[in-house]
Undergrad: 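A single structure is presented below for examination.
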There are 2 protein chains.
Amino acid sequence: MKQGHMHVTEDCRAVGELLGRIADKWSILVVQRLGTGPMRFNELRHGVGGISQKMLTTTLRSLERDGFVTRTQFPTIPPRVDYELTDLGRELLGPVNTLGEWARKNLLRIDTARAAFDAKCGRACDEDERKYPSEEP
Amino acid sequence: MKQGHMHVTEDCRAVGELLGRIADKWSILVVQRLGTGPMRFNELRHGVGGISQKMLTTTLRSLERDGFVTRTQFPTIPPRVDYELTDLGRELLGPVNTLGEWARKNLLRIDTARAAFDAKCGRACDEDERKYPSEEP
DNA sequence: CAGCATCCTCCAGGATACTG
DNA sequence: CAGTATCCTGGAGGATGCTG
């Protein structure tokens, strides 16, 4: 029964599931950041930038759960916790970096495309909004 | 003032922004799917699987806006709309496929890791829940 | 320092119904 | 067929305060 097609359709679910977890903004940035080497919580927090404490905790837990990072807690005062990529994490780093690099390289093209699209749409759709000044209420 | 460091910290925002858009489950799956060639709306819908009509529309709009896909509408009855990757989209396809392939290849390892983690956590945390049968209320 | 707990907001995203 | 429009809900995620 159409093996090839089955294969594609079927593990779209699974892959989608997985992507839902690793392919989010924060996970990617965190993994990328950890690529440099082990890091402490706040170090990571500032390195990533813009991430809340809660989200970082959540993201790290999730990554730990999926076997991408290890959490090492030192029983010192004040406490110190290091996060580090596992082997699996380091392997993931490849694809992630590829995507990250690509993103950085093409930021401009995308911004340009978006501006063009918005300009086009703005004229077409907002014709009845012309009367309103272009500012937020 | 520490150029290298600045660079990293600073465009984390920008890259994060961008990743927030392209690095979501659906975008990746859709782009991946369009890698095969132009496709119609429902074709894509079924190809991806599990995506709602609304989400597909939204995702496609977003991808179009960012210059990854083109939307071609045929003025026929019933209407027919083709979506196709742009050059930018095809370039994105590389990194995306890399990530997708990686995901597919490593599903098992991740599931294993997760199971292990859950087992460990389950015993540690849910000790006081032992009395309750393991089922949903 | 590295969190967990709590509260609260907001919007992603599903379900449903209608249209050109 | 390929949408748009509307309603509605869960949960993502910020802010704040407390702890070991």
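Proteins come first, then strands; the chains are lettered A, B, ... in the order of their sequence lines, and each starts at number 1.
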Undergrad: Rounded off to whole Å, could you give me the CG-to-C1' distance for the B:Asp82 and D:dG3 pair?
TA: 15 Å

Undergrad: Minimum heavy-atom separation for A:Val31 and A:Gly89, please, with both atom names.
TA: CG1-O, 4.4 Å

Undergrad: Please state how far atom CG in B:Leu56 lies from atom P in C:dA15, giving the value in whole angstrom units.
TA: 15 Å

Undergrad: Counting heavy atoms from C-beta on, name the nucleotide in C:dA2, D:dG3, C:dG20 closest to the side chain of B:Arg61.
TA: D:dG3

Undergrad: With the criterion being N/O to N/O and under 3.5 Å, what pairs connect the protein with nucleotides 12-14 of chain C, and how long is each?
TA:
residue : atom : partner : partner atom : Å
C:dG13  : N7   : B:Lys54 : NZ           : 3.1
C:dG14  : OP2  : B:Ser52 : OG           : 2.4
C:dG14  : O6   : B:Lys54 : NZ           : 2.4

Undergrad: For B:Pro78 and for A:Phe41, locate the closest nucleotide of DNA chain C by heavy-atom distance; then report the residue assigned to the nucleotide nearer the 5' terminus.
TA: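 Checking each residue's closest nucleotide, the 5'-ward one belongs to A:Phe41.
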
Undergrad: Taking only side-chain N and O atoms of B:Arg45, does any of them lie within less than 4.0 angstrom of OP1 or OP2 on D:dA2?
TA: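 No.
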
Undergrad: Side-chain N or O of A:Tyr83 versus OP1/OP2 of C:dC1: is the shortest distance under 4.0 Å?
TA: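 So the side chain of A:Tyr83 is outside the cut-off, no N or O lying under 4.0 Å from OP1 or OP2 of C:dC1.
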
Undergrad: To the nearest Å, how far apart are B:Leu44 CG and D:dC1 C1'?
TA: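 Rounded to whole Å, this separation is 14 Å.
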
Undergrad: Roughly, in whole Å, what's the span from CD1 in B:Ile77 to C1' in C:dG20?
TA: 8 Å

Undergrad: Is a side-chain donor or acceptor of B:Ser62 paired with a backbone partner of B:Thr58 at a separation under 3.5 angstrom?
TA: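 No: the side chain of B:Ser62 does not pair with the backbone of B:Thr58.
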
Undergrad: Between the side chain of A:Arg114 and the main-chain N/O of B:Gly67, is any donor-acceptor distance below 3.5 Å?
TA: no

Undergrad: Nearest whole Å is fine: how far is C:dA2 P from A:Met39 CE?
TA: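 About 11 Å, once rounded to whole Å.
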
Undergrad: In this structure, how many angstroms lie between the C1' atom of C:dA2 and the CD atom of A:Gln73, rounded?
TA: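 After rounding, the reported distance stands at 8 Å.
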
Undergrad: What is the distance, rounded to the nearest whole Å, between atom CD of B:Glu64 and atom C1' of D:dA2?
TA: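 Checked: the CD to C1' distance equals 14 Å.
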
Undergrad: Could you measure the distance from the CG atom of B:Leu44 to the OG1 atom of B:Thr59? Nearest 0.5 Å is fine.
TA: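 If we round to the nearest 0.5 Å, B:Leu44:CG and B:Thr59:OG1 are 9.5 Å apart.
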
Undergrad: Could you state the interatomic distance from CG (B:Leu56) to CH2 (B:Trp26), rounded to the nearest 0.5 Å?
TA: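 Here the interatomic distance stands at 9.5 Å.
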
Undergrad: Taking side chain as C-beta onward, heavy atoms only, is B:Phe41 less than 4.5 Å from B:Thr57?
TA: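 Contact flag for B:Phe41/B:Thr57 side chains = yes.
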
Undergrad: Can you confirm whether A:Thr112 sits close enough to A:Arg109 that some side-chain heavy atom of one is under 4.5 Å from a side-chain heavy atom of the other?
TA: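 Not in contact.
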
Undergrad: For A:Arg40 and C:dA2, is the shortest distance between a side-chain N/O and OP1 or OP2 below 4.0 Å?
TA: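 It does, given that an N or O in the side chain of A:Arg40 lies less than 4.0 Å from OP1 or OP2 of C:dA2.
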
